[in-house]
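Quick notes on the structure that follows.
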Amino acid sequence: MLASSSSTAISLHPLANYNASATPSLNPSSLFFSSSYSYLSPLSFRLHSSKTHLRITPKKGLRVSCSTNEPLKVMISGAPASGKGTQCELIVQKFGLVHISTGDLLRAEVSSGTEIGNKAKEFMNSGRLVPDEIVTAMVTVRLSRQDAKEKGWLLDGYPRSFAQAQSLEELNIRPDIYIVLDVPDEILIDRCVGRRLDPVTGKIYHLKNFPPESEEIKARLVTRADDTEEKVKSRLEIYKQNAAAISSTYSSITNKIDGNRPKEIIFKDIDSLLSQLLKDKTAKSVKPVLQTENCLDQASSNEEKWRGIPTRLNNIPHSREIRNYFYDDVLQATQRAVNDGRTRLKVEINIPELNPEMDVYRIGTLMELVRVIALSFADDGKRVKVCVQGSMGEGALAGMPLQLAGTRKILEFMDWGNYGAMGTFIKIGSIGAKEVDEEDDMFILVAPQNAVGNCIIDDLRAMTDAAGKRPVILINPRLKDLPGSSGIMQTMGRDKRLEYAASFESCYFFRLLYYAGTQYPIMGAIRMTYPYDYELYKRVDEPSGKEKYVSLSTFKERPTIDEINDAFLGKPRNKDKKASGIWGFLSGVF
Ligand code: AP5
């Protein structure tokens with residue numbers, strides 16, 4: 001819950017009461033984006049920190065580029081009627097930023113009669129501030145949209161309290177510039193009382209200063225309910241009480257502008273400030289800084305986005321490039337499967353850092369992978385629940401798989417991006433039917449597994465039943481039976497459990513292959529990405545000291561040990577052959 005500067009406590013989940021019908025119908029100074037506006041439209045989250053964007057360029061190998069090429073982010077502030085809306089019209093015309101005016105958003109809610117609008121109405125009509133929770137949720141959701149991130153934004157009327165400014169700071173949302181329009185009080189009152197709005201074009205007029213162009217327009221102009229002299233005085237008072245605290249947050253980027261001049265002259269000042277900023281940003285925006293093509297060797301494949309298997313996979317910890325390669329590989333496969341309407345999916349990826357049978361297993365790598373997938377689906381507007389099983393069993397017998405210990409806490413503390421994804425489009429849950437909420441669009445289950453004496457499958461089955469047709473993706477599940485203290489688990493209902501476990505379709509599979517009984521050197525790899533075949537690779541040492549993976553064969557189904565042996569020995573396929581010695585290690589795995 002965000003801190004509130006208002007005395008009225010309204011408990012509101014950021015998206016809880018948003019209503020599809022809340023499309024602004026009266027959006028006085030920003031009608032230009034009203035047609036595409038919807039609170040239920042997807043939030044967008046990209047996988048980047050505030051400054052650095054990691055990008056993988058498919059065909060050229062892995063390529064990490066560091067770019068500051070961000071669009072302008074502008075805040076405009078000032079007392080009521082200082083001319084914010086008027087200047088925003090001009091700024092948008094010239095710079096194409098997405099105008100986000102909290103006053104307009106709220107008025108749209110009021111005129112649509114939404115729950116938010118009904119709550120906001122009494123505050124607005126009396127000239128008081130609407131509670132922070134309501135306004136902050138609106139703003140963060142709007143800022144998260146793709147258009148705002150691509151075109152840049154112009155925030156008008158927010159933040160209006162210290163708590164609101166802090167909320168943005170906590171979300172790492174900072175403008176490039178904070179513009180304050182400075183106008184004497186007596187002028188402000190005259191401007192408010194004379195202000196009229198055109199509900200058709202959204203244009204702002206003033207009876208004396210900017211009269212409407214025709215009688216027809218004049219006839220349809222409306223007056224805002226809070227534009228009486230008495231209410232303006234109260235709004236002005238509230239503005240003054242908050243102004244100093246807010247500007248202390250932005251003191252290093254504040255530009256005060258004399259707003260008591262003709263609007264074109266004021267805009268000239270703003271124009272030159274923003275143009276300069278834009279120039280500075282463009283000059284700074286660069287350039288690939290690290291190219292790691294030699295980390296990847298190109299193997300042959302018909303698959304369009306093929307990038308080769310990263311080499312040096314026995315070097316632990318894996319480099320960021322290697323991790324990103326696999327995250328992206330898994331992500332693409334998972335997206336294809338979900339887009340094709342597949343709903344029971346599993347991802348199995350056993351590079352050393354994700355293989356719990358090795359002593360280099362890193363939970364952080366698993367968490368990063370989960371985050372990449374979850375944020376990417378959230379980016380497409382899906383509400384994703386990331387689930388980790390809780391402790392199993394009861395009383396003194398309660399326990400949980402070692403590799404999952406602390407996982408939930410790590411997920412909760414992870415950085416889920418700048419734009420408020422966590423708690424809105426991403427939620428953390430556990431495994432079971434009661435975790436399935438109506439609003440969830442899909443579920444990502446982190447390494448669900450049986451523990452000694454405890455079986456997760458009943459909870460899992462209940463959860464998938466409750467999820468219905470919504471996708472459930474298991475990441476590195478381990479659903480094989482494990483010996484229980486009484487041996488019960490290995491016998492009772494085993495067939496049903498295995499049948500259920502097998503009902504999840506592989507959408508990604510990657511496994512390194514080793515000689516029997518060893519984990520060094522790597523002999524090869526099997527890779528499958530939905531909807532393509534299984535690919536078998538052999539690792540080859542080159543005279544230069546480098547290594548590469550060479551494609552040996554492809555298979556419609558996951559290859560058996562015999563098939564792998566034959567491919568490595570260059571033999572034709574022979575389905576009757578028994579497993580020979582070299583791949584004995586694999587028999588436990590497959
Ligand atoms: P909001 O709509 O943001 O109102 P405001 O800040 O009081 O600002 P105004 O819209 O009144 O004025 P403006 O500066 O845009 O001036 P304009 O260009 O129209 O908020 C309304 C209410 O919503 C608040 O009171 C609050 O209840 C709620 N609210 C909003 N944000 C909130 C938040 N973050 N937290 C909590 N509550 C929130 O110009 C005014 C007039 O002057 C026009 O007639 C114009 O033609 C004229 N004019 C403009 N420039 C000039 C010029 N240079 N010379 C002469 N006339 C000019």
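FYI, side chains are in, hydrogens and waters are out, and symmetry mates aren't considered; it's all heavy atoms of this structure. The first residue of the sequence shown is numbered 1, and numbering continues consecutively from there. Whatever order the structure lists ligands and atoms in, that order sets their numbers, starting from 1.
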Pick one: which of Leu72, Val74, Leu154, Ile270 meets side chain to side chain contact (heavy atoms under 4.5 Å, CB included) with Phe95?
-> Leu72

of all protein heavy atoms, closest to atom 29 (N) of ligand 1 is Leu106 CD1, 3.5 Å

Quick one: are Arg224 and Arg107 in side-chain contact, heavy atoms under 4.5 Å?
-> yes

Taking atom 53 (N) of ligand 1 as the reference point, the nearest protein heavy atom with its distance = Arg261 O, 2.8 Å

Going by heavy-atom distance to atom 47 (C) of ligand 1, choose the closest among Met138, Arg196, Arg191.
-> Arg191

With sequence neighbours left out, the residues meeting side chain to side chain contact (heavy atoms under 4.5 Å, CB included) with Asp440 are Lys385, Asp437, Phe443, Arg470

Write out the residue and atom name of the closest protein heavy atom to atom 15 (O) of ligand 1, then the distance separating them to 0.1 Å.
-> Gly85 N, 2.8 Å

To the nearest 0.1 Å, how far is atom 16 (O) of ligand 1 from its closest protein heavy atom, and which atom is that?
-> Gly83 N, 3.2 Å

May I ask whether Gln87 places a heavy atom under 4.0 Å from ligand 1?
-> no

Are side-chain heavy atoms of Arg196 and Ile204 found at a separation under 4.5 Å?
-> no

Would you indicate which of Gln164, Arg235, Glu264 comes nearest to atom 7 (O) of ligand 1 when only heavy atoms are counted?
-> Arg235

Check each atom of ligand 1 against the heavy atoms of Val135 and keep those under 4.0 Å away; list them by number with element.
-> 33 (C), 34 (N), 35 (N), 36 (C)

For Pro80, counting its heavy atoms only, list the atoms of ligand 1 lying under 4.0 Å from any of them.
-> 5 (P), 7 (O), 8 (O)

Is any side-chain heavy atom of Glu368 closer than 4.5 Å to a side-chain heavy atom of Ile373?
-> no

Is a side-chain donor-acceptor pair under 3.5 Å present for Thr201 with Asp198?
-> yes

Report the residues that fulfil salt bridge (Lys or Arg N to Asp or Glu O under 4.0 Å) with Glu213, sequence neighbours left out, ordered by chain and then residue number.
-> Lys203

Option of least heavy-atom distance to atom 26 (C) of ligand 1 (set: Glu89, Arg224, Arg160, Arg128) = Arg128

What do we get for Tyr239 next to ligand 1 when only non-hydrogen atoms under 4.0 Å count, side chain, backbone, both or neither?
-> neither

Where is the nearest protein heavy atom to atom 13 (P) of ligand 1: which residue, which atom, and how far?
-> Lys84 N, 3.5 Å

Among non-hydrogen protein atoms, atom 48 (N) of ligand 1 lies closest to Phe210 CE1, 3.6 Å

Which protein heavy atom lies closest to atom 49 (C) of ligand 1, and at what distance to 0.1 Å?
-> Thr86 OG1, 3.2 Å

Counting from 1, what ligand 1 atoms have a heavy atom of Ile266 closer than 4.0 Å?
-> 53 (N)

Taking only non-hydrogen atoms of Thr102 and a 4.0 Å limit, the atoms of ligand 1 in range are 30 (C), 31 (N), 32 (C), 34 (N)

Heavy-atom side-chain proximity of Val193 to Asp227 below 4.5 angstrom | no

Within a reach of under 6.0 Å around NZ of Lys218, are more than 12 heavy atoms found that belong to other residues, nucleotides or ligands?
-> no

Report the nearest protein non-hydrogen atom to atom 19 (O) of ligand 1: residue, atom name, distance rounded to 0.1 Å.
-> Arg195 NH1, 2.5 Å

If you compare Glu122, Met124, Lys121 by their heavy atoms, the one closest to atom 23 (O) of ligand 1 turns out to be Met124

